[in-house]
Q: 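Quick one: the structure is below, and I'll ask about it shortly.
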There are 2 protein chains.
Amino acid sequence: MEQKKAGGRTLAGDAYEAIRQAIRTGAVKPGDRLRFADLQALCGMSVTPVREALARLTAEGFTVLDDHRGYSVARLSLEELRDITATRQLCEGEALRLSVLRGDADWEGRVIAAHHLMARIPQAREDIPSAMREDWEARHAAFHAALISACGSPALLEICEKLFSRADRYRRLSVSLLGTARDVAGEHRRLMELALARDAEGAAAALRDHYGRTAAALEGFFAV
Amino acid sequence: MEQKKAGGRTLAGDAYEAIRQAIRTGAVKPGDRLRFADLQALCGMSVTPVREALARLTAEGFTVLDDHRGYSVARLSLEELRDITATRQLCEGEALRLSVLRGDADWEGRVIAAHHLMARIPQAREDIPSAMREDWEARHAAFHAALISACGSPALLEICEKLFSRADRYRRLSVSLLGTARDVAGEHRRLMELALARDAEGAAAALRDHYGRTAAALEGFFAV
DNA sequence: AAGTCAATGATTTTCGAAAATCCTGCGACC
DNA sequence: GGTCGCAGGATTTTCGAAAATCATTGACTT
């Protein structure tokens, strides 16, 4: 979805951001019902824009709708984590492969710049202030987006973007509960190097491995 | 208010179906603006459910939203046709491969039954009544859905379903403008045979070829 | 006791109009 | 001659309340 510009041109857009943030940060938990009365209080607006925001969030998999029973926060599960991971490996792997094959000098610049921005601040961890964690998350997303930005397929890019944001909720779980023992920075650097060396297959394989490790690090949590 | 429950559980759902149908049948054309006043008249309801319907349609790529300028029917283009085709070949090809590997006897039954239903009525063509064409389209969609139904990945299935319905608009163009010279029935039969013979790679390749032919048959139209 | 059914309360869904925003055309000014 | 700015009109967006629907409770029958 790329219809909202940050800052707020419409109230519905603001509501979308506010509720999305509440879900991502855990202010409302998976399975929680989202009552319109509460959301109107949270967002400070009437029911109509809230309804539109929920429609968008539902399309992206953050919330689910039960006819005449309203909306609730989508639950997290090991099955979904595995499912999303496998689908990302397929789609984003191919997107990266295409991007490496078709990227021009301008694309190389975007990748280098995005990596540089991300590497400048420490990775999200328990002992890092929340604001900086948010910042790193944004730069992390921008780096992955830059990698596949030259794939030439808007449809594939849209799919990857949606899957990335759906996986974001699981990624946050990883940060807050397990810490980060892996050398994520090293994985990212290697990803960039393979891409810039125009090793399409190698970069795609490294990306699949990268996502596989992230998922594996979370498997334990759901064993509870 | 005394609303009748004509089939739909919510008016927003009815509006979604009505507008979607208007777009698919060409009652409103690509690029046309969708004014709320017109849609309210068409659907016989107030603005709120229409707005929700448009939000859903936009999420699926049938319409586009321009902030404060309203909704319009998404345009068709050769670039998008190629893009969607390539993405379908990737996603649905993999889904079919997985489905063939993992499908059980129950899945085989679903595939055979869906194919039988589709083969019983003639394929959509100019000289066929519109109602029968709609019927065939529905069974065609059901057949393709059955093929990949055992892939085990809800995320992938959702992506395939969305891409299928997006491609549906182009498919209709093919029917009304070019007729069907290809042996589509034969392609479908071969697809089923490969799947039931558990030739996962062969079936996936046949599916990619099937979609490639459909797209190729339409290339000419956009040359205008 | 168990099951049915109607009244009640909570919540979603829809309405119709008001407010906000954008587009167009016209005129003034440089 | 061309550009800028500003009413007028059309359209979207939002509001607050009314209507419809779902879940629950409790009385009443079997």
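Please read all numbers here as calculations on a predicted model, not as lab measurements. Numbered from 1 within each chain, the chains take letters A, B, ... in sequence-line order.
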Q: For B:Arg208, enumerate each residue passing the salt bridge (charged side-chain N to carboxylate O under 4.0 Å, His left out) test, keeping only those at least two apart in sequence or located in another chain.
A: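 Counting only residues at least two positions away or on another chain, B:Arg208 forms no salt bridge (charged side-chain N to carboxylate O under 4.0 Å, His left out).
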
Q: What contact category does B:Leu39 fall into here, base, sugar-phosphate, or nothing, at under 4.0 angstrom with non-hydrogen atoms?
A: nothing

Q: Looking at residues at least two apart in the chain, or sitting in another chain, which of them share a side chain to side chain donor-acceptor pair (under 3.5 Å) with B:Ser149?
A: B:Arg110

Q: Can you list everything that forms a side chain to side chain donor-acceptor pair (under 3.5 Å) with A:Arg213? Sequence neighbours excluded, please.
A: A:Asp209

Q: What are the atom names and distances for every N/O pair under 3.5 Å that joins the protein to nucleotides 13-16 of chain D?
A:
{"from": "D:dT13", "atom 1": "OP1", "to": "B:His68", "atom 2": "N", "distance (Å)": "2.8"}
{"from": "D:dT13", "atom 1": "OP2", "to": "B:Arg51", "atom 2": "NH2", "distance (Å)": "2.6"}
{"from": "D:dT13", "atom 1": "O5'", "to": "B:Arg51", "atom 2": "NH2", "distance (Å)": "3.2"}
{"from": "D:dT14", "atom 1": "OP1", "to": "A:Leu11", "atom 2": "N", "distance (Å)": "2.4"}
{"from": "D:dT14", "atom 1": "OP1", "to": "A:Ala12", "atom 2": "N", "distance (Å)": "3.4"}
{"from": "D:dC15", "atom 1": "OP2", "to": "A:Ser46", "atom 2": "N", "distance (Å)": "2.8"}
{"from": "D:dC15", "atom 1": "N4", "to": "A:Thr48", "atom 2": "OG1", "distance (Å)": "3.2"}
{"from": "D:dG16", "atom 1": "N7", "to": "A:Ser46", "atom 2": "OG", "distance (Å)": "3.3"}

Q: In whole angstrom, what separates A:Leu54's CG from C:dT11's P?
A: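 My rounded result for the distance is 16 Å.
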
Q: For B:Glu80, give me all partners under salt bridge (charged side-chain N to carboxylate O under 4.0 Å, His left out), at least two apart in sequence or on another chain.
A: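 Salt bridge (charged side-chain N to carboxylate O under 4.0 Å, His left out) list for B:Glu80, sorted by chain: B:Arg166.
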
Q: Would you please name every residue forming a side chain to side chain donor-acceptor pair (under 3.5 Å) with A:Ser72, sequence neighbours left out?
A: none

